[in-house]
Amino acid sequence: MSSFNFREDISWRDILLRSAIVLATVAIIVWLMPRDGRNYFYAEQGKPWKYADFTAPFDFPIYKSEEAIKKEKDSLMREYEPYFNLNKETEGNMVRKFVADFSEGIPGLSDDYISIIANRLHRIYQMGIVSSADYSKYTADTTQTIRLVNGKSATSIPMVSFLSTKKAYEQLFLDNMLEQHRSQLQKCNLNNYITANITYDKQRSDESLQDVLSSVPLATGVAQKGQKIIDRGEIVDEYAFRTIESFKKENERRNSNTTQQQLTLFGEALYVFLILAFFTSYLTLFRQDYFEKARNVAMLYSLIVFFVLLTGLMVRNTIAHVYILPYAMVAIFTRVFMDSRTAIVTHLTMILICSIMLQHPLEFIVVEVMAGMAAVYSLRDLQYRSQLFKTAIIVTLVGMTMNFAFDLISMTEFSEFDMSYYNYLIINGVLLLFAYPLLYLLEKTFGFISDITLIELSNTNNPLLRRMSEVAPGTFQHSIQVSNLASEIALKIGAKAQLVRTGALYHDIGKMVNPIYYTENQSGINPHEELSYIESAQIIISHVTEGLKMAERNNLPSIIRDFISTHHGQGKAKYFYVKYKNENPDAEVDELLFTYPGPNPFTREQAILMMADSVEAASRSLPEYNEKSIRELVNRLVDGMVTDGFFRECPITFRDITYAKTVMSEKLKTIYHARVSYPTADKK
């Protein structure tokens, strides 16, 4: 008993192990967080803003809409003048080529026509010839002008002032002298001598176009850090919509920066590390015993990671609002398997970590923390299915009430009331009902046992208990009396009453193997009279080992099997041990033959069962039942257990033992109180 004191100092091994747990959990959580630079909220113009009040977190430009920018660019494009170059050598080259090709004259025409056609080619080249493709492109708008570069000067000229290659060919035959000989001249393929001498300057035009387009301002103003953009419930007008969209665009741009991504990653890791470090410190300082069983730590950190994963999926895929997730389950599971304080701390830790993934975490933290506290307060002991139903209703009402409070704070008139969030919270309450079947899954995964399972096991219609009532009725009645006595002690000292009640019902199931060898099942015949003391002791002791085998075959939880192995601890079958020593005073006794395999109790509930079992069994042999005899019996047996060191490995205190002795004395007095003898009727 005194040896079960938690160490005030933590070893370096413990520190390293817990640090590793924190760092591993931080790494997993940060990896699960969305980090693609997107903004996980949407604004619809003309509809209420569904999120929290939006304030600019940093300075950013308010960009124009794509339509407005396109309109301005189109307006500038109408005034834009592409650049064309005048190639003076083209005319001379083409005219000389024509003269050379027809140096022997044109069939059917006089030699004068060579000079006439050369002169006409000179005229159309002086007007300017543009390729048909460029001419069609830039004369779609009849007001289109171009910048014609001639040497070092550039002149604005309407495109319609020039000729396309097709029009230039037709221009030749507008001359009367050539028109009358059209048939002969067409055989000369004069279009081979007509080519563009005004060509598009792509490089200079592109540079000019880029200068024009870049002159269009993309923003109409700047949102200052801390500036209120829109309140929750307020209708999203055009300006607010453009401001919100501008923030999303700027935020994505900032997050695409490698340095910014590294800073964000480090900030998230530091944030999660600090929260988990404080959570682990809480467990170290106030729940040190949880670290003794890996299942406790595994469940707590797994629940946090699992709900972070669900939140990340909801945020990343925008399936629905995160309010749809039943976060209060974390508080419920922790409360059922551990305690209320740890439930609240675990729930708060998980909510704070999940909130970093949201754009507006304040309302989320308040609503979900209040919902978790409501779950813990309404679920002190989970013993009936209806309790979870009531808890789900309470959690939903608390969440909706807190959300309504935020709505009232932000609304300017009641017409702005938005029901969508309340629908999410109602779905949350429905999903919370799935905590009941999930409890069974957690029990099997982490090896816990809930009060509901204990209640189911303590049902006397359970096949194993019903069989004991038939095979060993005396043992069955003894187990019921012990369970009632032990549960009263547990309630008095603040131990787990339902656990010790269930453990007491199963602690003697091993007696079903040889029920007649136990006094409570005998009816005048004692088979021990035919056995030696060692044989009798071995049979009595075997009910522990046989009980463990039976419990394993029937899949009883390990925590119940512990009651079977510890209810006698490493004590002796004293009746046969003392008898053997009295009859063999000079013989050396092998005490192991009379000793139970143990171990001694290592929980308060196991210590309670040991006391209640021993006292209840011994009380049946009292010659008379009065306050003095009962108190002396209780004190002698319990003090003997303390003296023999049965409680050295157990966290039970002397105060608890004193209360236990008082409870057992009072209960036994009530059980064995003197009854009024009923009179008999006269024969008359």
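For the numbers below, each heavy atom of this structure counts, side chains included, while hydrogens, waters and symmetry mates do not.
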Side-chain touch I559/E605, heavy atoms, less than 4.5 angstrom: no
Which atom of C650 lies closest to which atom of A607, heavy atoms considered: SG-CB, 3.6 Å
Residues E443 and S450: side-chain donor-acceptor under 3.5 angstrom: yes
Main-chain N/O of D562 paired to S565 side chain as donor or acceptor, under 3.5 Å: yes
Side-chain touch T603/T566, heavy atoms, less than 4.5 angstrom: no
Beyond-backbone contact of L276 with V26, side-chain heavy atoms, under 4.5 angstrom: yes
Aromatic ring proximity, centroids under 6.0 angstrom, H543 and Y517: no
Student check: side-chain heavy atoms of L303 and M329 closer than 4.5 Å: no
Check: S378 side chain, A374 main-chain N or O, donor-acceptor pair, under 3.5 Å: yes
Worked check of side chain to side chain contact (heavy atoms under 4.5 Å, CB included) between I671 and Q481: CA-CA 10 Å; I671 293 172; Q481 292 285 12; 3.8 Å; yes
K661/D639 salt bridge by N-O under 4.0 Å criterion: yes
Rounded distance (nearest 0.5 Å) linking atom OH of Y659 with atom CD1 of I608: 13.5 Å
Check: M550 main-chain N/O paired with N554 side-chain donor or acceptor under 3.5 Å: yes
Lys/Arg-Asp/Glu bridge criterion (N-O < 4.0 Å) met for D339, R287: yes
S11 and D14: side chain donor to acceptor below 3.5 Å: yes
T445 side-chain N/O to L442 backbone N/O, donor-acceptor pair under 3.5 Å: no
Side chain to side chain donor-acceptor pair (under 3.5 Å) assessment of Y596 paired with T545: CA-CA 9 Å; Y596 287 94; T545 54; over 6 Å; no
Donor-acceptor contact present, side-chain S614 to main-chain M610, <3.5 Å: no
Carboxylate-amine/guanidinium proximity below 4.0 Å for E520 and K511: yes
Pair L348-F279, side chain to side chain contact (heavy atoms under 4.5 Å, CB included): steps then yes or no: CA-CA 9 Å; L348 178 60; F279 175 66; over 6 Å; no
Heavy-atom closest pair, residues I541 and A573: CG1-CB, 4.4 Å
Side chain to side chain donor-acceptor pair (under 3.5 Å) between R18 and T284, worked out: CA-CA 9 Å; R18 293 168 199 184; T284 300; 3.3 Å; yes
Distance-minimising heavy-atom pair for I365 and I351: CA-CG2, 3.9 Å
Nearest heavy-atom neighbours spanning F333 and M299: O-CE, 4.2 Å
Whether R295 side chain and G447 backbone form a donor-acceptor pair below 3.5 Å: yes
Heavy-atom neighbours of F446 CZ exceed 12 at 6.0 Å: yes
CD1-CG distance between I455 and N459, expressed to the nearest 0.5 angstrom: 10.5 Å
Nearest-0.5 Å distance that lies between atom CG in L431 and atom CD1 in I426: 12.0 Å
Pair T334, T342: side-chain N/O donor-acceptor within cut-off below 3.5 Å: no
Close aromatic pair by centroid cut-off 6.0 Å: H478 and H507: yes
Steps toward side chain to side chain contact (heavy atoms under 4.5 Å, CB included) verdict (R501, N484): CA-CA 7 Å; R501 177 188 292 276; N484 292 332; 3.1 Å; yes
Minimum heavy-atom distance V615-L633, with the two atoms named: O-CD2, 4.3 Å
Sidechain-backbone polar pair: T311 side chain, C354 backbone, donor-acceptor under 3.5 Å: no
Salt bridge flag under 4.0 Å for residues E627 and R631: yes
Between Y580 and S536: side-chain donor-acceptor atoms closer than 3.5 Å: no
Atom pair CD1 (I275) and OG1 (T280), whose distance is rounded to the nearest 0.5 Å: 11.5 Å
Pair T502-Q498, side-chain donor/acceptor within less than 3.5 Å: yes
Over 12 non-hydrogen atoms of neighbours within 6.0 angstrom of CD in E470: yes
Derivation and outcome, side chain to side chain donor-acceptor pair (under 3.5 Å), residues Y377 and S340: CA-CA 8 Å; Y377 296 161; S340 297; over 6 Å; no
Min side-chain heavy-atom separation H528-Q522 under 4.5 Å: yes
Derivation of the side chain to side chain donor-acceptor pair (under 3.5 Å) call for T475 and N521: CA-CA 7 Å; T475 300; N521 298 312; 2.8 Å; yes
Donor-acceptor pair, side chain of S629 and main chain of E624, under 3.5 angstrom: yes
Pair F291-L17, side chain to side chain contact (heavy atoms under 4.5 Å, CB included): steps then yes or no: CA-CA 10 Å; F291 284 104; L17 178 61; over 6 Å; no
Value rounded to 0.5 Å, distance of CD1 in I509 from CD in E546: 10.5 Å
Y282 atom OH, neighbour heavy-atom count above 12 within 6.0 Å: yes
Heavy-atom donor-acceptor pair, N626 side chain to K628 backbone, under 3.5 Å: yes
Axial cation check for F594 ring with K572, 6.0 Å and 45° limits: no
Side chain to side chain, T391 and L379, heavy atoms closer than 4.5 Å: yes
Polar contact flag, side-chain donor to acceptor under 3.5 angstrom, Y323-E368: no
Distance flag, aromatic centroids of F337 and Y290, threshold under 6.0 Å: no
Donor-acceptor contact present, side-chain R466 to main-chain N461, <3.5 Å: yes
F602 vs F647, ring-ring contact (aromatic ring centres under 6.0 Å, His included): CA-CA, chis, key distance, verdict: CA-CA 7 Å; F602 50 85; F647 303 146; over 10 Å; no
Minimum heavy-atom distance D508-S479, with the two atoms named: CB-OG, 4.2 Å
Test: K669 and E666 ion pair at under 4.0 Å: yes
Flag side-chain contact, heavy atom, 4.5 Å: V322 against Y424: no
4.5 Å side-chain heavy-atom contact, T519 and R620: no
More than 12 heavy atoms from other groups under 6.0 Å of CD1 on I525: no
